There are 2 protein chains.
Amino acid sequence: MVQTKKISDVDVETCEQTVIHTDVVQTVSEAMSNDEDMDNVADLFKLFGDRTRIRLLRALYQSEMCVCDLAYLLDMTQSAVSHQLRVLKQAKLVKNRREGKVVYYSLSDQHVMQILVQAYDHIKE
Amino acid sequence: MVQTKKISDVDVETCEQTVIHTDVVQTVSEAMSNDEDMDNVADLFKLFGDRTRIRLLRALYQSEMCVCDLAYLLDMTQSAVSHQLRVLKQAKLVKNRREGKVVYYSLSDQHVMQILVQAYDHIKE
DNA sequence: TAAATATATGAGCATATGTTCAAATGAACG
DNA sequence: CGTTCATTTGAACATATGCTCATATATTTA
(Lines give C-alpha, C1' and ligand atoms only; values in the text may rest on other atoms or scores of the structure.)
Protein backbone atom coordinates (compact mmCIF):
# COMPACT_ATOMS: atom_id res chain seq x y z
CA MET A 1 0.00 0.00 0.00
CA VAL A 2 1.19 3.46 -0.90
CA GLN A 3 0.88 6.28 1.55
CA THR A 4 -0.38 9.72 0.63
CA LYS A 5 1.77 12.21 2.46
CA LYS A 6 3.12 14.70 0.02
CA ILE A 7 0.71 17.17 -1.52
CA SER A 8 1.73 19.04 -4.64
CA ASP A 9 0.29 20.42 -7.83
CA VAL A 10 1.52 19.88 -11.37
CA ASP A 11 0.33 21.55 -14.53
CA VAL A 12 0.24 19.57 -17.75
CA GLU A 13 0.60 21.17 -21.13
CA THR A 14 -2.21 19.47 -23.09
CA CYS A 15 -5.15 20.49 -20.94
CA GLU A 16 -4.75 22.00 -17.53
CA GLN A 17 -4.91 18.98 -15.29
CA THR A 18 -4.06 18.65 -11.65
CA VAL A 19 -2.26 15.91 -9.81
CA ILE A 20 -2.59 15.77 -6.08
CA HIS A 21 -0.52 12.78 -5.04
CA THR A 22 2.54 12.85 -7.24
CA ASP A 23 4.30 10.02 -5.48
CA VAL A 24 1.37 7.64 -5.70
CA VAL A 25 0.87 8.35 -9.38
CA GLN A 26 4.56 7.77 -9.95
CA THR A 27 4.55 4.43 -8.16
CA VAL A 28 1.42 3.14 -9.83
CA SER A 29 2.59 4.36 -13.21
CA GLU A 30 5.77 2.35 -12.89
CA ALA A 31 3.89 -0.73 -11.75
CA MET A 32 1.64 -0.47 -14.79
CA SER A 33 4.38 0.28 -17.29
CA ASN A 34 5.01 -3.39 -17.98
CA ASP A 35 1.58 -4.65 -18.91
CA GLU A 36 0.65 -3.18 -22.23
CA ASP A 37 -1.30 -6.41 -22.74
CA MET A 38 -4.21 -4.94 -20.84
CA ASP A 39 -5.69 -3.89 -24.16
CA ASN A 40 -5.75 -7.51 -25.25
CA VAL A 41 -7.41 -8.46 -21.99
CA ALA A 42 -10.10 -5.90 -22.66
CA ASP A 43 -10.57 -7.29 -26.16
CA LEU A 44 -10.95 -10.81 -24.81
CA PHE A 45 -13.53 -9.67 -22.29
CA LYS A 46 -15.33 -7.74 -24.97
CA LEU A 47 -15.98 -11.06 -26.67
CA PHE A 48 -17.42 -12.48 -23.46
CA GLY A 49 -19.52 -9.41 -22.86
CA ASP A 50 -22.33 -10.46 -25.12
CA ARG A 51 -25.24 -12.69 -24.27
CA THR A 52 -25.25 -14.50 -27.58
CA ARG A 53 -21.57 -15.29 -27.62
CA ILE A 54 -21.58 -16.40 -24.00
CA ARG A 55 -24.43 -18.76 -24.71
CA LEU A 56 -22.71 -20.10 -27.80
CA LEU A 57 -19.59 -20.86 -25.82
CA ARG A 58 -21.66 -22.36 -23.05
CA ALA A 59 -23.43 -24.62 -25.53
CA LEU A 60 -20.24 -25.69 -27.26
CA TYR A 61 -18.80 -26.47 -23.87
CA GLN A 62 -21.40 -29.21 -23.72
CA SER A 63 -20.94 -30.56 -27.20
CA GLU A 64 -19.74 -29.85 -30.69
CA MET A 65 -22.69 -28.62 -32.72
CA CYS A 66 -23.60 -27.46 -36.19
CA VAL A 67 -24.87 -23.98 -36.99
CA CYS A 68 -28.53 -24.78 -37.44
CA ASP A 69 -28.67 -26.73 -34.20
CA LEU A 70 -27.10 -23.81 -32.38
CA ALA A 71 -29.58 -21.46 -34.00
CA TYR A 72 -32.47 -23.61 -32.88
CA LEU A 73 -31.05 -24.02 -29.39
CA LEU A 74 -30.61 -20.29 -28.86
CA ASP A 75 -33.79 -19.45 -30.76
CA MET A 76 -31.97 -17.20 -33.16
CA THR A 77 -31.55 -16.69 -36.87
CA GLN A 78 -28.99 -18.93 -38.52
CA SER A 79 -27.47 -15.79 -39.94
CA ALA A 80 -27.07 -14.09 -36.58
CA VAL A 81 -25.47 -17.21 -35.13
CA SER A 82 -23.16 -17.54 -38.09
CA HIS A 83 -22.05 -13.96 -37.69
CA GLN A 84 -21.16 -14.45 -34.05
CA LEU A 85 -19.45 -17.76 -34.68
CA ARG A 86 -17.29 -15.93 -37.14
CA VAL A 87 -16.31 -13.43 -34.47
CA LEU A 88 -15.48 -16.22 -32.06
CA LYS A 89 -13.48 -18.02 -34.69
CA GLN A 90 -11.46 -14.96 -35.59
CA ALA A 91 -10.61 -14.71 -31.90
CA LYS A 92 -9.59 -18.36 -32.01
CA LEU A 93 -12.06 -19.26 -29.31
CA VAL A 94 -13.83 -21.81 -31.52
CA LYS A 95 -12.82 -23.94 -34.46
CA ASN A 96 -14.91 -25.68 -37.09
CA ARG A 97 -14.85 -28.65 -39.40
CA ARG A 98 -16.95 -29.35 -42.45
CA GLU A 99 -18.79 -32.59 -43.02
CA GLY A 100 -20.65 -32.37 -46.29
CA LYS A 101 -23.02 -29.47 -46.14
CA VAL A 102 -22.87 -29.27 -42.37
CA VAL A 103 -20.27 -27.25 -40.47
CA TYR A 104 -19.57 -28.30 -36.91
CA TYR A 105 -18.23 -25.85 -34.37
CA SER A 106 -16.40 -26.66 -31.17
CA LEU A 107 -14.29 -24.91 -28.55
CA SER A 108 -10.72 -24.57 -29.71
CA ASP A 109 -9.47 -24.34 -26.17
CA GLN A 110 -11.09 -25.75 -23.05
CA HIS A 111 -8.84 -23.55 -20.95
CA VAL A 112 -10.66 -20.41 -21.98
CA MET A 113 -13.79 -21.70 -20.34
CA GLN A 114 -12.07 -21.61 -16.95
CA ILE A 115 -12.26 -17.85 -17.08
CA LEU A 116 -15.96 -18.09 -17.77
CA VAL A 117 -16.53 -20.60 -14.99
CA GLN A 118 -14.68 -18.46 -12.49
CA ALA A 119 -16.79 -15.46 -13.36
CA TYR A 120 -19.86 -17.65 -13.07
CA ASP A 121 -18.82 -18.65 -9.57
CA HIS A 122 -18.25 -15.03 -8.69
CA ILE A 123 -21.78 -14.18 -9.70
CA LYS A 124 -23.17 -17.00 -7.59
CA GLU A 125 -22.23 -15.42 -4.27
CA MET B 1 -19.63 -36.19 -25.29
CA VAL B 2 -22.85 -36.58 -27.18
CA GLN B 3 -23.04 -38.74 -30.24
CA THR B 4 -24.74 -37.67 -33.43
CA LYS B 5 -26.61 -40.67 -34.72
CA LYS B 6 -30.18 -39.75 -35.36
CA ILE B 7 -30.93 -37.39 -38.21
CA SER B 8 -34.31 -35.70 -38.33
CA ASP B 9 -35.92 -32.44 -39.32
CA VAL B 10 -38.21 -30.25 -37.27
CA ASP B 11 -40.12 -27.21 -38.39
CA VAL B 12 -40.58 -24.32 -36.02
CA GLU B 13 -43.51 -21.98 -36.23
CA THR B 14 -41.80 -18.59 -35.88
CA CYS B 15 -39.47 -18.81 -38.82
CA GLU B 16 -38.81 -21.99 -40.72
CA GLN B 17 -35.78 -23.38 -38.96
CA THR B 18 -34.18 -26.76 -39.24
CA VAL B 19 -32.69 -28.96 -36.57
CA ILE B 20 -30.41 -31.75 -37.64
CA HIS B 21 -29.36 -33.43 -34.42
CA THR B 22 -32.45 -33.46 -32.25
CA ASP B 23 -30.92 -35.55 -29.51
CA VAL B 24 -27.86 -33.38 -29.10
CA VAL B 25 -29.95 -30.24 -28.96
CA GLN B 26 -32.17 -31.88 -26.37
CA THR B 27 -29.24 -32.89 -24.16
CA VAL B 28 -27.48 -29.54 -24.36
CA SER B 29 -30.72 -27.69 -23.82
CA GLU B 30 -31.30 -29.55 -20.58
CA ALA B 31 -27.75 -28.95 -19.43
CA MET B 32 -28.17 -25.23 -20.02
CA SER B 33 -31.63 -24.94 -18.51
CA ASN B 34 -30.26 -24.29 -15.03
CA ASP B 35 -27.92 -21.39 -15.60
CA GLU B 36 -29.98 -18.36 -16.40
CA ASP B 37 -27.19 -16.42 -14.68
CA MET B 38 -25.24 -16.41 -17.91
CA ASP B 39 -26.74 -13.04 -18.66
CA ASN B 40 -25.18 -11.67 -15.50
CA VAL B 41 -21.86 -13.16 -16.51
CA ALA B 42 -22.09 -11.37 -19.82
CA ASP B 43 -22.88 -8.13 -18.01
CA LEU B 44 -19.86 -8.54 -15.77
CA PHE B 45 -17.62 -9.16 -18.74
CA LYS B 46 -19.10 -6.21 -20.53
CA LEU B 47 -17.66 -4.05 -17.76
CA PHE B 48 -14.24 -5.59 -18.27
CA GLY B 49 -14.47 -5.23 -22.02
CA ASP B 50 -13.35 -1.63 -22.10
CA ARG B 51 -9.81 -0.33 -22.12
CA THR B 52 -10.52 2.56 -19.79
CA ARG B 53 -12.32 0.52 -17.16
CA ILE B 54 -9.71 -2.23 -17.25
CA ARG B 55 -6.96 0.29 -16.72
CA LEU B 56 -8.87 1.94 -13.89
CA LEU B 57 -9.27 -1.39 -12.12
CA ARG B 58 -5.64 -2.19 -12.79
CA ALA B 59 -4.57 1.12 -11.28
CA LEU B 60 -6.78 0.77 -8.24
CA TYR B 61 -5.39 -2.70 -7.75
CA GLN B 62 -2.11 -0.95 -6.98
CA SER B 63 -3.47 1.73 -4.74
CA GLU B 64 -6.47 3.74 -3.73
CA MET B 65 -6.49 6.94 -5.75
CA CYS B 66 -8.47 10.12 -6.26
CA VAL B 67 -10.18 11.05 -9.51
CA CYS B 68 -7.72 13.66 -10.73
CA ASP B 69 -4.75 11.39 -10.11
CA LEU B 70 -6.45 8.63 -12.08
CA ALA B 71 -7.20 11.07 -14.86
CA TYR B 72 -3.58 12.15 -15.02
CA LEU B 73 -2.34 8.56 -14.86
CA LEU B 74 -4.54 7.41 -17.72
CA ASP B 75 -4.10 10.67 -19.62
CA MET B 76 -7.82 11.25 -19.81
CA THR B 77 -10.33 13.92 -19.02
CA GLN B 78 -11.37 13.99 -15.40
CA SER B 79 -14.94 13.90 -16.63
CA ALA B 80 -14.46 10.77 -18.68
CA VAL B 81 -12.80 9.04 -15.74
CA SER B 82 -15.58 10.10 -13.43
CA HIS B 83 -18.18 8.69 -15.79
CA GLN B 84 -16.47 5.32 -15.91
CA LEU B 85 -15.90 5.23 -12.16
CA ARG B 86 -19.60 5.72 -11.80
CA VAL B 87 -20.23 2.69 -13.98
CA LEU B 88 -17.81 0.61 -11.95
CA LYS B 89 -19.35 1.80 -8.73
CA GLN B 90 -22.87 0.93 -9.83
CA ALA B 91 -21.56 -2.55 -10.55
CA LYS B 92 -20.09 -2.60 -7.06
CA LEU B 93 -16.61 -3.18 -8.39
CA VAL B 94 -15.23 -0.06 -6.73
CA LYS B 95 -16.16 2.00 -3.70
CA ASN B 96 -15.28 5.54 -2.74
CA ARG B 97 -14.82 7.76 0.26
CA ARG B 98 -14.77 11.50 0.48
CA GLU B 99 -12.07 13.47 2.25
CA GLY B 100 -12.78 17.15 1.95
CA LYS B 101 -12.96 18.02 -1.70
CA VAL B 102 -11.16 14.90 -2.77
CA VAL B 103 -12.91 11.59 -3.51
CA TYR B 104 -10.82 8.45 -3.22
CA TYR B 105 -11.71 5.32 -5.13
CA SER B 106 -10.63 1.78 -4.35
CA LEU B 107 -11.53 -1.76 -5.30
CA SER B 108 -14.52 -2.97 -3.35
CA ASP B 109 -13.53 -6.58 -3.80
CA GLN B 110 -10.05 -7.95 -4.37
CA HIS B 111 -11.58 -11.22 -5.48
CA VAL B 112 -12.88 -9.75 -8.69
CA MET B 113 -9.34 -9.06 -9.79
CA GLN B 114 -8.61 -12.78 -9.85
CA ILE B 115 -10.78 -13.06 -12.92
CA LEU B 116 -8.75 -10.31 -14.53
CA VAL B 117 -5.46 -11.88 -13.58
CA GLN B 118 -6.49 -15.24 -14.95
CA ALA B 119 -7.44 -13.68 -18.25
CA TYR B 120 -4.16 -11.83 -18.22
CA ASP B 121 -2.33 -15.12 -17.82
CA HIS B 122 -4.32 -16.61 -20.64
CA ILE B 123 -3.20 -13.85 -22.95
CA LYS B 124 0.41 -14.36 -22.00
CA GLU B 125 0.70 -17.78 -23.68
C1' DT C 1 -26.53 -29.94 -64.82
C1' DA C 2 -30.29 -28.29 -61.89
C1' DA C 3 -32.41 -28.25 -57.44
C1' DA C 4 -32.09 -28.49 -52.57
C1' DT C 5 -29.86 -27.59 -48.32
C1' DA C 6 -26.46 -25.67 -44.90
C1' DT C 7 -23.71 -21.97 -44.19
C1' DA C 8 -21.41 -17.51 -45.09
C1' DT C 9 -21.35 -12.76 -46.13
C1' DG C 10 -22.28 -7.78 -47.16
C1' DA C 11 -25.25 -3.79 -46.67
C1' DG C 12 -28.42 -1.41 -43.98
C1' DC C 13 -30.41 -0.15 -39.67
C1' DA C 14 -31.37 0.58 -34.90
C1' DT C 15 -29.41 0.63 -30.54
C1' DA C 16 -25.61 0.82 -27.25
C1' DT C 17 -21.52 2.92 -25.73
C1' DG C 18 -17.78 6.18 -24.58
C1' DT C 19 -16.18 10.78 -24.81
C1' DT C 20 -16.64 15.80 -24.77
C1' DC C 21 -18.53 20.05 -23.27
C1' DA C 22 -20.94 22.95 -20.26
C1' DA C 23 -22.99 23.47 -16.12
C1' DA C 24 -24.16 21.86 -11.33
C1' DT C 25 -22.69 20.12 -6.58
C1' DG C 26 -20.16 20.16 -2.54
C1' DA C 27 -16.59 21.26 0.55
C1' DA C 28 -12.76 24.19 2.35
C1' DC C 29 -11.13 28.75 3.11
C1' DG C 30 -10.43 33.63 2.86
C1' DC D 1 -20.90 34.91 1.87
C1' DG D 2 -18.19 34.48 -2.23
C1' DT D 3 -14.30 32.09 -4.38
C1' DT D 4 -11.71 28.16 -5.45
C1' DC D 5 -11.06 23.47 -6.32
C1' DA D 6 -12.39 18.46 -6.97
C1' DT D 7 -15.90 16.02 -8.60
C1' DT D 8 -20.41 14.91 -10.64
C1' DT D 9 -23.87 15.02 -14.03
C1' DG D 10 -26.73 15.63 -18.25
C1' DA D 11 -27.00 16.46 -23.13
C1' DA D 12 -24.98 15.99 -27.51
C1' DC D 13 -22.31 13.52 -30.69
C1' DA D 14 -19.64 10.09 -32.99
C1' DT D 15 -18.52 5.44 -33.22
C1' DA D 16 -19.20 0.55 -32.32
C1' DT D 17 -22.08 -3.30 -32.20
C1' DG D 18 -25.48 -6.91 -33.20
C1' DC D 19 -29.27 -8.19 -35.88
C1' DT D 20 -32.02 -8.58 -40.27
C1' DC D 21 -32.57 -9.24 -44.99
C1' DA D 22 -31.11 -10.54 -49.35
C1' DT D 23 -27.79 -12.86 -51.72
C1' DA D 24 -23.63 -15.70 -52.46
C1' DT D 25 -21.06 -19.98 -51.77
C1' DA D 26 -20.48 -24.83 -51.18
C1' DT D 27 -21.89 -29.48 -51.21
C1' DT D 28 -24.98 -33.24 -52.00
C1' DT D 29 -28.37 -35.44 -54.73
C1' DA D 30 -31.86 -36.16 -58.28
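A, B, ... follow the sequence lines: proteins, then strands. Residue 1 opens every chain. What you see is a predicted model; the values in this text were computed from it and never measured.
Residues B:Y104 and A:H21 have side chains that bring a donor and an acceptor to within less than 3.5 angstrom of each other.
Annotation: ring-ring contact (aromatic ring centres under 6.0 Å, His included) contacts involving residues 22-53 of chain B, sequence neighbours excluded, comprise A:F45-B:F45, A:F45-B:F48, A:F48-B:F45.
Side-chain contact between A:H111 and A:M113 is absent, with no heavy atoms from C-beta onward closer than 4.5 Å. A:D109 places a side-chain heavy atom less than 4.5 Å from the side chain of B:H122.
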For nucleotides 25-30 of chain C, print each protein N/O atom paired with a nucleotide N/O atom at under 3.5 Å, atom names and distance only.
none

If you restrict it to nitrogen or oxygen atoms, what contacts under 3.5 Å exist between nucleotides 13-15 of chain C and the protein, and what is each distance?
none

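A:D121 pairs by the salt bridge (Lys or Arg N to Asp or Glu O under 4.0 Å) definition with nothing, not counting sequence neighbours. For the side-chain contact (heavy atoms from CB on, under 4.5 Å) test, residues two or more places apart in sequence or in another chain that qualify with A:S106 are A:E64, A:K95. For B:Q26, the side chain to side chain donor-acceptor pair (under 3.5 Å) criterion is met by B:E30, not counting sequence neighbours. Residues satisfying the salt bridge (Lys or Arg N to Asp or Glu O under 4.0 Å) criterion with B:D43, sequence neighbours excluded, are absent altogether. When the side chain to side chain donor-acceptor pair (under 3.5 Å) test is applied to A:Q118, no partner is found at least two apart in sequence or on another chain. With sequence neighbours excluded, no residue forms a salt bridge (Lys or Arg N to Asp or Glu O under 4.0 Å) with A:R98.
At least one donor-acceptor pair under 3.5 Å links the side chain of B:T27 to the backbone N or O of B:D23.
Here the closest heavy-atom approach between residue B:V102 and residue B:C66 is recorded as CG1-CB, 3.3 Å.
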Name every donor-acceptor pair, under 3.5 Å, that has one atom in a side chain of residues 83-93 of chain B and the other anywhere in the protein, sequence neighbours excluded.
| residue | atom | partner | partner atom | Å |
| --- | --- | --- | --- | --- |
| B:Q84 | OE1 | B:R53 | NH1 | 2.8 |
| B:K89 | NZ | B:N96 | OD1 | 3.3 |

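Between A:R97 atom CZ and C:dA8 atom P there is a gap of 13 Å when expressed in whole angstrom units. In this structure, A:I20 atom CD1 and D:dA6 atom C1' are separated by 7 Å, rounded to whole Å. Counting to the nearest Å, the P atom of D:dA6 and the CE atom of B:M65 are 15 Å from each other. With rounding to whole Å, A:M76 atom CE is found 15 Å from C:dT7 atom C1'.
Look at A:Y105 and you'll find a side-chain N or O under 4.0 angstrom from OP1 or OP2 of C:dA8. Taking 4.0 angstrom as the limit, B:T77 places a side-chain polar atom (N or O) nearer than this to OP1 or OP2 of C:dT20. Checking the phosphate oxygens (OP1, OP2) of C:dT19, no side-chain nitrogen or oxygen of B:S79 falls inside 4.0 Å.
Contacts with DNA chain C (heavy atom under 4.0 Å) in residues 81-94 of chain B: B:H83, B:Q84, listed by number. Interface residues of residues 43-59 of chain B facing DNA chain C, ordered by number: B:K46, B:D50, B:T52, B:R53; criterion, heavy-atom separation under 4.0 Å.
Remark: the A:Q78 side chain and the C:dA8 base include a donor-acceptor N/O pair separated by less than 3.5 Å.
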